[in-house]
Amino acid sequence: GAEAIASCGDPALAGGAPAGLSAYLSTRTLLIRPESDQARISVTLRNIRIDRGNDPSSGARSEAAGIWIGHARKVDLQDVEITGGGKGFGLMVVDSANVTARNLNIHDMVWAPYAGDAELTLERVRAQGWNTAPVREFRFAGQQGVKADGFQGVRVQEQLSCVMIVRSTNVVLDKMRIKGCGARFAEGNLPWQADGVGIGESSAAIRISRSAIADTWEGVDVVGGGVGVKDIAISDTSIDNSFGYGVKGGYTLRNLTVTDSIISNSGLAGVVIYGPVVGAAVVRTKIGDVGSVRFGTMLQRPWQQERAGVLIEQGSTAATALQYPQGVRLENVQVRGGANCHFGLLNITPTRLRRTGITVSGCEADRQDVWKSPG
């Protein structure tokens, strides 16, 4: 039968790398999965505290985790706390169904470049680009066309996600607290390239309710990869101090709702909906202090481009550049901009929005619909 496996490393990921290095890259403080991908297990964790350790340069962004749960048919997490340093995930749920997490508390998780890589400084990263600064990542032979094991210089992507849900269905995150997912800069820890909640790759029926997410790169990042993501509901949730977006939803995504929530201090937009999204609604939601992010105790405006309460735009890849959201509804949305807000609502697509009860204050413009034909 299936059994739960607890491990600090995954031998299957070793490749040709030295065992010590593989364990360092793929550290999983608690790994729970069946022996076979065809089997399914049930998981119950209550009153558990996981500390990933004090080395923020350890781990790898797609392979390490505080808790990794795979191929589970029923998951019950109650009063689980995760903290500590390193790349990867706080909680990873993959290929699972019927997941309920109540009072999940994930905090003070920070990553740093590998030893020998350039130190993160505000001056350098700002000059190179918040989304383009290079870092080193380890690639095993055969991975992404690499011929031999080794570290590769790449454009930075999210090195840490506090919660990641992949290829999973019927997930409830209730009374969750996420605070302090970031990167270690010379100037201190900043909410850079570290998401609060990531949802992707063929997931469906995900509910986030009565929760608080603060100090992250993006509060909730929904990327509809695989066969697409559908039925994502965020309600009665506060999302504060997101370097990029409070809520981001895009690619092949169907039915995203944000209701009765408060989104504040988002560097680019409180909510962005982009690409081939079908059905999205923002209802009875307050968005404030657009364009401003707290770096420690200082308020910064990190971005120069569009800063809006709600942003609707085309896809971000070559394949989706001419694809636009459809069926977007905005109802009773309040935007309180602040000194760095360009628009309460910015729609740069040909999509016609259904909107009622939108109020905007403090932005340079209440609303702007801007679209130029690619031809």
Side-chain angles (χ1 to χ4, degrees), residues 2-7 10 13 26-34 36-46 48-50 52 59-84 86-107 109 158 160-178 181 194-209 211 213 216 218-234 237 253:
E3 64 175 345
I5 303 171
S7 169
D10 187 351
L13 296 173
S26 59
T27 298
R28 299 174 184 180
T29 309
L30 181 60
L31 171 61
I32 303 173
R33 67 175 190 190
S36 166
D37 290 350
Q38 284 69 47
R40 292 291 183 269
I41 56 173
S42 295
V43 179
T44 299
L45 297 176
R46 291 178 181 159
I48 299 293
R49 184 178 192 270
I50 295 289
R52 301 179 67 215
R61 67 181 175 92
S62 61
E63 293 156 2
I67 301 176
W68 185 297
I69 299 173
H71 297 278
R73 62 170 177 254
K74 188 177 189 304
V75 179
D76 181 13
L77 307 182
Q78 178 78 38
D79 297 309
V80 172
E81 177 186 1
I82 305 172
T83 189
K87 307 171 187 69
F89 312 102
L91 170 66
M92 163 63 95
V93 178
V94 58
D95 295 310
S96 297
N98 305 318
V99 179
T100 300
R102 301 192 190 280
N103 296 323
L104 181 65
N105 180 15
I106 301 182
H107 62 93
M109 294 186 59
E158 289 92 332
L160 172 67
S161 294
C162 280
V163 176
M164 178 62 75
I165 300 165
V166 176
R167 298 190 302 274
S168 296
T169 59
N170 296 321
V171 179
V172 174
L173 303 174
D174 184 47
K175 293 185 178 180
M176 172 180 61
R177 288 168 291 161
I178 292 176
C181 297
D195 285 346
V197 179
I199 303 170
E201 287 191 46
S202 313
S203 292
I206 314 295
R207 305 287 182 267
I208 301 172
S209 62
S211 295
I213 301 170
T216 64
E218 286 165 356
V220 179
D221 186 5
V222 185
V223 180
V227 300
V229 170
K230 64 180 180 180
D231 300 333
I232 310 298
I234 302 165
T237 289
L253 169 62

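For reference, positions follow the sequence shown, starting with 1. Keep in mind that this is a model prediction, so the values were computed, not measured.
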Under the side chain to side chain contact (heavy atoms under 4.5 Å, CB included) test, residues paired with [X] that sit two or more places apart:
X	result
His71	Pro34, Asp37, Arg40, Asp95
Ser211	Met176, Ile208, Thr237
Ala72	Ile41, Val43, Ile69, Val75, Ser96
Ser161	Phe89, Met164, Asp195

* Asked: Quick one: does Arg52's side chain have a donor or acceptor within less than 3.5 Å of a partner on Lys87's backbone?
  ->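 Yes, Arg52 side chain to Lys87 backbone: donor-acceptor pair under 3.5 Å.
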* Between the side chain of Ser202 and the main-chain N/O of Val227, is any donor-acceptor distance below 3.5 Å? ->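 Such a contact is found between Ser202 side chain and Val227 backbone.
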Partner set under salt bridge (Lys or Arg N to Asp or Glu O under 4.0 Å) for [X], not counting sequence neighbours:
X	answer
Asp76	Arg46
Arg177	none
Arg102	Asp174
Glu201	Arg167

* To do: Not counting sequence neighbours, which residues clear side chain to side chain donor-acceptor pair (under 3.5 Å) with Thr44? List them please.
  =>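 Not a single residue meets the side chain to side chain donor-acceptor pair (under 3.5 Å) criterion with Thr44.
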* **Which residues share a side chain to side chain donor-acceptor pair (under 3.5 Å) with Arg207, sequence neighbours left out** =>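 Residues passing side chain to side chain donor-acceptor pair (under 3.5 Å) with Arg207: none at all.
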* Could you name each residue pair satisfying salt bridge (charged side-chain N to carboxylate O under 4.0 Å, His left out) that touches residues 65-75, not counting sequence neighbours? =>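 Every candidate salt bridge (charged side-chain N to carboxylate O under 4.0 Å, His left out) pair involving residues 65-75 fails, so no pair, neighbours aside, qualifies.
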* Keeping to residues at least two apart or across chains, list the side chain to side chain donor-acceptor pair (under 3.5 Å) pairs with something in residues 222-233. =>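 Found Asp231-Asn255.
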